[in-house]
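Here's the structure, in structure tokens; my notes come after.
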Amino acid sequence: MHTNSVAQLIEGLRERQFSSVEVTQGFLDRIDALDGLYNSFISVDASAALHAAAAADKRLATGEAPPLTGIPIAHKDIFCTDGMRTSCGSRMLDNFVPPYDATVIQRFRAAGAVMLGKTNMDEFAMGSSNESSFYGPVRNPWDTGLVPGGSSGGSAAAVAAMLAPAATGTDTGGSIRQPAAFCGITGLKPTYGRVSRLGMVAFASSLDQAGPMAHSAQDCALLLNAMAGHDPLDSTSSCTDTEDYCNALDNNLQGLRIGLPDEYFGDGLDSATGECINGALRELEALGATLVQVSLPHSALTVPAYYIIAPAEASTNLSRYDGVRYGYRCPDPVDLHDLYTRTREQGFGDEVKRRILVGTYALSAGYYDAYYKKAQQVRRLIKQDFMNCFEQVDIIAGPTTPGPAFALGAKSDDPIAMYLEDVYTLAVNLAGLPGMSVPAGLVGDKPVGLQLIGRHFDESRLLNVAHRFQQATDWHLRRPESAAGPLTGGAA
Ligand code: GLN
């Protein structure tokens with residue numbers, strides 16, 4: 001059962017081949033048996049999951065159950081969950097039990113899904129390797145000596161290892177797409193504002209966006225149907241109409257124009273990774289698409305612009321963790337100043353402190369114009385590059401990452417090397433565009449991701465291209481050996 005896609009599970013549940021309690025129990029057993037290897041979950045509440053599954057089975061029996069009824073889903077531990085700890089991977093929120101559900105969580109509940117648990121992540125979603133979590137690193141199911149990518153590495157590893165059929169993630173600069181690429185799964189970062197940010201712990205508010213992570217584009221479409229839509233409680237959520245994201249999946253690709261930016265295929269791209277990407281592009285060509293050379297001339301400025309804007313926003317968002325309102329509080333403060341400083345010193349890890357320092361500096365009176373304002377101007381140029389390209393092409397394609405997953409510890413002492421991992425993903429967030437990563441090959445046995453970037457609110461087209469690609473290839477069906485585990489052939 002654990003090898004099924006979400007689409008297959010929906011069908012099996014409706015045809016009574018199995019019950020939601022059986023499916024949920026199967027995944028809980030796999031988490032129990034295998035997650036010691038990966039550390040992909042921070043919290044699992046088996047009895048709540050089984051309770052929800054039993055309720056889902058009752059709804060299914062009525063014949064009038066909403067689309068995801070009975071489907072177990074894992075949620076990144078950045079989404080507030082009523083009554084269940086929401087740590088955001090930080091000591092600062094280790095004791096935080098929210099009194100309400102994030103809109104994303106509410107929508108999954110309303111769609112009938114069963115919450116399996118909360119997945120591990122980089123602290124406050126800052127990172128590209130999942131090594132900055134207070135709960136320890138996540139390991140890549142394809143090779144447990146490798147990182148799974150970050151910051152949604154727990155979600156990516158859990159799906160890759162079939163501990164959950166699908167999961168949620170968030171992407172501020174690549175955190176859905178990059179771990180999806182490293183773990184051989186499919187991930188979609190929707191257009192900024194497509195999915196509500198209410199109840200999602202804020203990192204960089206003008207960039208953060210939640211999206212689905214699953215085995216296939218079809219499964220991502222099924223999840224996006226539940227997640228997308230206007231939320232009156234999030235002033236940045238969009239009123240643009242949603243669609244049924246499954247409708248266009250089968251459209252043919254005749255006449256589709258795919259732009260290949262020069263800047264995404266130059267120095268810095270690992271050659272074996274580049275070969276996988278080229279193979280995938282030939283496949284898309286065979287399906288009827290035309291490849292067009294394009295240019296994103298300000299690409300070299302995306303890493304510097306992002307690493308001013310994201311830390312600036314983070315430094316203001318994280319000022320709320322002061323030991324007074326909620327979260328960690330240092331023991332025995334002698335006065336208010338001591339309370340603030342020791343709480344923040346002890347509650348935050350190194351990467352979070354680094355971002356707060358950079359962000360506070362960039363926003364300080366004497367430097368605001370030189371750094372923050374300049375970065376915002378550069379952001380506009382980066383967005384304009386994409387708008388120019390989209391006059392010539394329908395989507396843009398390239399690698400998700402410069403190379404496949406790297407070894408645990410390989411970059412953790414070198415923040416600049418870590419930031420360069422995001423070189424192909426950041427611009428999408430700066431421009432507010434939708435982006436996807438789709439499994440497109442293996443280097444040795446390390447997965448490689450093809451990135452697809454679309455026009456604002458053109459998620460349907462990205463999902464369509466990815467779905468047609470997945471019907472013609474089987475990269476998304478490959479599974480890591482470590483996940484075969486002791487339960488193969490068992491109840492799960
Ligand atoms: N790796 C990027 C960062 O560390 C992106 C993280 C994210 O998308 N949440 O900021």
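In each ligand, atom 1 is the first atom listed, and ligand 1 is the first ligand listed.
- For a threshold of 3.5 Å applied to N or O pairs, the pair formed by F203 and ligand 1 contains no separation below that value.
- Distances shorter than 4.0 angstrom occur between a heavy atom of Y306 and an atom of ligand 1.
- Considering backbone and side-chain N/O of L426, none are found under 3.5 Å from N/O of ligand 1.
- Near S151, with a cut-off below 4.0 Å to any heavy atom, the atoms of ligand 1 are 9 (N).
- For R30 (side chain) and A161 (main-chain N/O), a donor-acceptor pair under 3.5 Å exists by modelled atom type.
- Between the Q209 side chain and the P190 main chain, no donor and acceptor come within less than 3.5 Å of each other.
- For the pair H230 and S237, the tightest heavy-atom approach, listed with the atom from each and the gap, is ND1-OG, 3.1 Å.
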| request: Any chance you could lay out the ring pair (Phe, Tyr, Trp, His ring centres under 6.0 Å) test for F134 and Y328, step after step, and finish with the verdict? | output: CA-CA 13 Å; F134 175 59; Y328 180 75; 9.0 Å; no
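- Proximity of R355 to ligand 1, defined as any heavy-atom pair under 4.0 Å, is confined to the side chain (atoms from C-beta onward).
- Side-chain atoms of R107 come within 3.5 Å of backbone N or O of A228 as a donor-acceptor pair.
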| field | Residue pair S129, K411: steps toward the side chain to side chain contact (heavy atoms under 4.5 Å, CB included) verdict | value | CA-CA 9 Å; S129 67; K411 301 189 187 202; over 6 Å; no
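- For atom 2 (C) of ligand 1, the closest heavy atom belonging to the protein is D422 OD2, 3.2 Å.
- Against a heavy-atom cut-off of under 4.0 Å, G173 is close to the following atoms of ligand 1: 5 (C), 7 (C), 8 (O).
- The shell of residues lying under 4.0 angstrom from ligand 1, judged by heavy atoms, excludes Q178.
- Taking the centre of each ring, Y321 and F124 come in below the 6.0 Å mark.
- In terms of polar-atom proximity, M126 is not counted as a contact of ligand 1, lacking any N or O under 3.5 Å from an N or O of the ligand.
- With hydrogens left out, the protein atom closest to atom 3 (C) of ligand 1 is Y307 OH, 3.3 Å, a heavy atom.
- With hydrogens and angles left out, the side-chain atoms of S206 and E313 include a donor and acceptor closer than 3.5 Å.
- Side-chain atoms of S43 never come within 3.5 Å of backbone atoms of G117 as a donor-acceptor pair (strictly under, hydrogens ignored).
- The contact set between ligand 1 and A125, taken as ligand atoms under 4.0 Å from a residue heavy atom, comprises 6 (C), 7 (C), 9 (N).
- Not a single heavy atom of A310 sits under 4.0 Å from any atom of ligand 1.
- By the 3.5 Å distance cut-off applied to N or O atoms, D171 is not counted among the residues near ligand 1.
- Nearest protein neighbour of atom 6 (C) of ligand 1, counting heavy atoms only, is S175 OG, 2.9 Å.
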